[in-house]
K.L.:
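First the structure, which I've put down as C-alpha cells, then a few questions once you've had a look.
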Amino acid sequence: MQSEIKQVTFKSGLPLEIEVIPIAATVAKHHNSITVPHRATFYHIFWIQKGTAEYLIDFEPVKAEANSFLFVNKDRVKAIDNRSKHDGKIMLFTDDFFGKTEDDLKYLHSTILFNDLLNTPVINVNSSPSLQTAFSAIEKELTENNDTYHYHLLHNLLHNLLLLAERERRKQGFSEISKGADLDYTVLFRDLLDSKFKILKSVNGYAALMNVSEKRLTHATTKTLGKSPKTIIDERVMLEAKRVLIYTNRSIKEVGYDLGFEEPTNFIKYFRKHTNKTPIEFREAYFNR
C-alpha cells in the first residue's frame, strides 16, 4: 500500500486539454494506475457502449450498463474494476480547457453532472440519441480539424453535450435544484470547503470568508441540499479521512495531523463521533469485510 493516494494529471503535450480515448485499450495499457484507487485532476465522461462497467467512486460502487453515460468530477478517488468486461469511450477535459471565463467555471462547478454533494449521475441514453451525436461531434472535431475555429467549436460542442445531459438527467427523475442566490452561495461554500477543510472547520469561518451571516449560509445549504453547513463540513473531512485510511498506509497520527488535528486523541474522538468506530477499527473493518 502506498503512503499517498496516487494523483493522475492530464496528459502533457496535447494542443488542448481535452481528448477522447477508448476504455478497454486504456485499461489494458494503464492497468497498474487506473485499476487502483487514484485521484485525477480532470473531469471524466464515460460512454459505456458494450457490457456493464463497474467502478468504485469514493467507496461507493457505481454500475453503468451499455448505452449509458457516467459523469465523474475531478479529484474524486476512483478505481476501474477490470473484471467487468465493458468497452466504450472516455472524454477527459480540464478546468483550463472549459473554464476560460468566470461564467464557464461557475457553470462547471454548479452543474448537476459534476456535483459531489449529489449522487454520481449515470444517464441511460437508449431513448435519446442526442448525447451520442454530441459526443461523436466532439470526437470528430478533435481528429479532423485544427484551425482558428477549433477551440471555440470544441468548447461549444462540449457545453452542448453537458446541457443535453442535464436535460436527459432531469427527464430520468432528477429533482431540480433551483438556480438563484441559494445555489450560488452553496457552490461558493463548497469551493471554499474543498480548498480549506483541513485548516478551517467552523461555519462562522466560512460565512466570514463569504461575507454572509451563518444564518444566511445555513438557509442556502438547507434549501439546496437539505443539509446544514456543519454537516457538509463534517462530511468533507470524514470523506478525506476515510480515503487516506483505506487507500494509504499512513499512521492514525499522520492522518489526523494532515486533516488539521494537532492531537491524535482529538481526531480519534471526532472520527468515532461520526462513525461509531475509531480510525483503526474502521480501517480493520473495511479490509476484513
Side-chain angles (χ1 to χ4, degrees), residues 4-5 7 39 41 57-60 73-77 95 99 102-120 175-246 248 250-279 281-282:
E4 299 288 345
I5 297 173
Q7 180 158 296
R39 194 193 316 251
T41 61
I57 302 174
D58 279 328
F59 313 103
E60 294 296 327
N73 200 2
K74 64 176 183 177
D75 295 327
R76 299 201 71 179
V77 176
D95 275 327
E102 186 175 333
D103 285 344
D104 287 338
L105 282 175
K106 182 179 177 181
Y107 169 76
L108 200 54
H109 293 175
S110 63
T111 173
I112 58 176
L113 304 173
F114 297 118
N115 192 324
D116 292 354
L117 300 176
L118 306 171
N119 293 329
T120 302
S175 298
E176 177 71 61
I177 296 179
S178 300
K179 297 188 183 301
D182 290 330
L183 179 59
D184 290 345
Y185 282 135
T186 300
V187 171
L188 176 57
F189 169 60
R190 188 199 66 180
D191 287 347
L192 287 170
L193 180 61
D194 277 343
S195 64
K196 297 183 180 298
F197 71 90
K198 292 182 180 181
I199 59 174
L200 183 60
K201 297 179 175 63
S202 69
V203 177
N204 180 60
Y206 286 101
L209 289 175
M210 296 169 61
N211 292 316
V212 299
S213 66
E214 287 188 55
K215 183 178 180 180
R216 182 67 185 92
L217 178 56
T218 299
H219 175 84
T221 63
T222 303
K223 187 77 177 293
T224 57
L225 300 171
K227 298 177 181 180
S228 70
K230 184 64 170 68
T231 297
I232 297 170
I233 292 168
D234 288 339
E235 287 178 349
R236 182 65 184 89
V237 175
M238 287 301 299
L239 172 60
E240 198 66 23
K242 290 176 180 178
R243 284 170 169 172
V244 181
L245 285 168
I246 298 305
T248 78
R250 301 182 72 185
S251 69
I252 304 305
K253 180 179 179 180
E254 289 175 319
V255 175
Y257 186 79
D258 184 58
L259 291 173
F261 296 89
E262 295 292 335
E263 296 295 330
T265 53
N266 292 337
F267 173 57
I268 293 170
K269 290 177 182 177
Y270 181 89
F271 195 93
R272 180 187 283 145
K273 176 183 177 182
H274 294 285
T275 64
N276 293 319
K277 292 184 176 71
T278 66
E281 289 170 343
F282 173 81

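Just the heavy atoms: all of them, side chains too, but no hydrogens, waters or symmetry mates, feed the values below.
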K.L.:
Any chance you could measure Leu193, atom CG, to Arg236, atom CZ, to the nearest 0.5 Å?
P.N.:
6.5 Å
K.L.:
Taking the side chain as every heavy atom from C-beta outward, state whether Phe114 and Tyr107 have any atom pair closer than 4.5 Å.
P.N.:
no
K.L.:
Enter the distance from Thr186:OG1 to Asp191:CG here, rounded to the nearest 0.5 Å.
P.N.:
11.0 Å
K.L.:
How close do Pro279 and Phe267 get, heavy atom to heavy atom, and via which atoms?
P.N.:
CG-CE2, 3.7 Å
K.L.:
Considering only NZ, NE, NH1 and NH2 on the basic side and carboxylate oxygens on the acidic side, decide whether Lys106 and Asp184 come within less than 4.0 Å.
P.N.:
yes
K.L.:
Give a yes or no on this: more than 12 heavy atoms of other residues, nucleotides or ligands lie within 6.0 Å of atom OH of Tyr257.
P.N.:
no
K.L.:
What's the separation between atom CD1 in Ile252 and atom OG1 in Thr265, rounded to the nearest 0.5 Å?
P.N.:
13.0 Å
K.L.:
How close do Phe271 and Leu245 get, heavy atom to heavy atom, and via which atoms?
P.N.:
CE1-CD1, 3.5 Å
K.L.:
Could you tell me which non-hydrogen atom of Lys201 sits nearest to which non-hydrogen atom of Gly260, and how far apart they are?
P.N.:
NZ-CA, 4.0 Å
K.L.:
Which residues pass the ring pair (Phe, Tyr, Trp, His ring centres under 6.0 Å) test with His219, not counting sequence neighbours?
P.N.:
none
K.L.:
With rounding to the nearest 0.5 Å, note down the distance linking OG1 in Thr218 to OH in Tyr185.
P.N.:
13.0 Å
K.L.:
With sequence neighbours left out, write down each residue that passes side chain to side chain donor-acceptor pair (under 3.5 Å) with Arg216, or none if nothing qualifies.
P.N.:
Asp182
K.L.:
Tyr270 vs Phe261 aromatic rings, parallel, tilted or perpendicular, using cut-offs 30° and 60°?
P.N.:
tilted
K.L.:
Using the side-chain contact (heavy atoms from CB on, under 4.5 Å) rule, take Thr41 and Lys74 through it: C-alpha gap first, then chi angles, then the decisive distance, then the call.
P.N.:
CA-CA 5 Å; Thr41 61; Lys74 64 176 183 177; 5.8 Å; no
K.L.:
Do NZ/NE/NH1/NH2 and the carboxylate oxygens of Glu240 and Arg250 come within less than 4.0 Å?
P.N.:
no
K.L.:
Can you spot which of Ile232, Thr231, Ile233, Thr221 makes a side chain to side chain contact (heavy atoms under 4.5 Å, CB included) with Val203?
P.N.:
Ile233
K.L.:
Taking the side chain as C-beta and beyond, is there a heavy-atom pair between His109 and Leu105 under 4.5 Å?
P.N.:
yes
K.L.:
Rounded to the nearest 0.5 Å, how far apart are CG of Leu217 and CG of Leu188?
P.N.:
9.0 Å
K.L.:
Look up atom CG in Leu192 and atom CZ in Arg190, then write down how far apart they are to the nearest 0.5 Å.
P.N.:
11.0 Å
K.L.:
Restricting to non-hydrogen atoms, name the atom on Arg76 and the atom on Arg243 that form the minimum distance, rounded to 0.1 Å.
P.N.:
CA-NH2, 3.8 Å
K.L.:
Which residues pass the side chain to side chain donor-acceptor pair (under 3.5 Å) test with Lys230, not counting sequence neighbours?
P.N.:
Asp234
K.L.:
Do Lys242 and Thr275 have side-chain heavy atoms sitting under 4.5 Å apart?
P.N.:
yes
K.L.:
Considering only heavy atoms from C-beta outward, does the side chain of Phe189 approach that of Leu209 to under 4.5 Å?
P.N.:
no
